[in-house]
Amino acid sequence: MQKDLEKKFLSDFETNQNIVHKICRIYTTDRNAHNDLFQEITIQVWKNYAKFRGDSKFSTWMYRVALNTAISLYRKSTRKVKTQDFSDVAYKIKATDYDDTEEVQLKALYKAIHKLNDIDKALIFLYLEDKPYKEISETLGITSVNARVKMNRAKEKLKNILNP
């Protein structure tokens, strides 16, 4: 049973691991921090995988876990964060190298996104992923109307940062 769960997890995770890379890119500023956050999100997704009920798509659930992990670690960045040693994990994930050549053009956008608060970052990220407002609201645990209002405000903040 455990082996089947691990195989299913590895398949689901490897298919959707770019989600984690993109979240890491938004919430970190250097390669080492990116790798640390990637490992921590991977561990949190694995720890909670057995609780995934399938009420939503795996990618939506993974967004939620990854965003919550990134936001929690970001908020605790001034304190020492206790993390689990990745080598202790029973499974091994073959992570592909993250190629950011296409995202070099988005550097200014990412720099502007870094200046937003945590919720606005998550909203903009999900919006850029072409997620419908229903899925954004489910992922962030807010109403669809609230998601639309917050999104308009976040877009306005981003416009002001990019075009002062």
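Only heavy atoms go into these numbers, but all of them, side chains included; no hydrogens, no water, no symmetry mates.
- For Q44, the side chain to side chain contact (heavy atoms under 4.5 Å, CB included) partners two or more places apart in sequence, or in a different chain, are E40, K47, N48, V65, T69.
- The shortest distance between side-chain heavy atoms of F52 and V45 does not fall below 4.5 Å.
- Shown here for K155 and I124, the closest heavy-atom pair between the two residues is N-CD1, 4.3 Å.
- Side-chain contact check for E135 and Y63: no donor-acceptor pair (N or O, by modelled atom type) lies under 3.5 Å.
- If you take NZ on K7 and CG on L10, they are separated by 10.0 Å, rounding to the nearest 0.5 Å.
- Between F125 and K131 the shortest side-chain heavy-atom distance does not fall below 4.5 Å.
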side-chain contact (heavy atoms from CB on, under 4.5 Å) evaluation trace for M151 with I136: CA-CA 10 Å; M151 181 63 70; I136 291 172; 4.1 Å; yes

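- Put simply, L67 and L128 are part of the same group of oily side chains (I, L, V, M, F, W, Y) that touch within less than 4.5 Å, one to the next.
- In this structure, the side chain of R64 engages the main chain of E138 through a donor-acceptor pair within 3.5 Å.
- Here NZ of K22 is found 11.5 Å from CG of L126. Values are rounded to the nearest 0.5 Å.
- Rounded to the nearest 0.5 Å, atoms OG1 (T143) and CZ (R148) are 10.0 Å apart.
- Between atom NZ of residue K134 and atom OG1 of residue T139 there is a gap of 10.5 Å, rounded to the nearest 0.5 Å.
- The shortest heavy-atom contact between I23 and A70 is CG2-CB, 3.8 Å.
- Note: the hydrophobic cluster containing Y110 also contains L162 (ILVMFWY, side chain heavy atoms under 4.5 Å, direct or indirect links).
- The closest side-chain heavy-atom distance from I161 to L116 is below 4.5 Å.
- Checked against side chain to side chain contact (heavy atoms under 4.5 Å, CB included), N32 has the following partners two or more places apart in sequence or in another chain: D30.
- Listed by chain and residue number, K8, Y49, F58 satisfy the side chain to side chain contact (heavy atoms under 4.5 Å, CB included) test with D12 (two or more places apart in sequence, or in another chain).
- For the atom pair NE2 of H34 and OH of Y27, the computed distance is 14.5 Å after rounding to the nearest 0.5 Å.
- Within a 6.0 Å sphere centred on OH of Y127, heavy atoms belonging to other residues, nucleotides or ligands number 12 at most.
- Considering only heavy atoms from C-beta on, M62 comes within 4.5 Å of V20 through its side chain.
- Using the six-membered ring where Trp is involved, F13 and F38 have ring planes that are perpendicular, over 60° apart on the 30 and 60° scheme.
- With rounding to the nearest 0.5 angstrom, the CG atom of D55 is 11.5 Å from the OG1 atom of T60.
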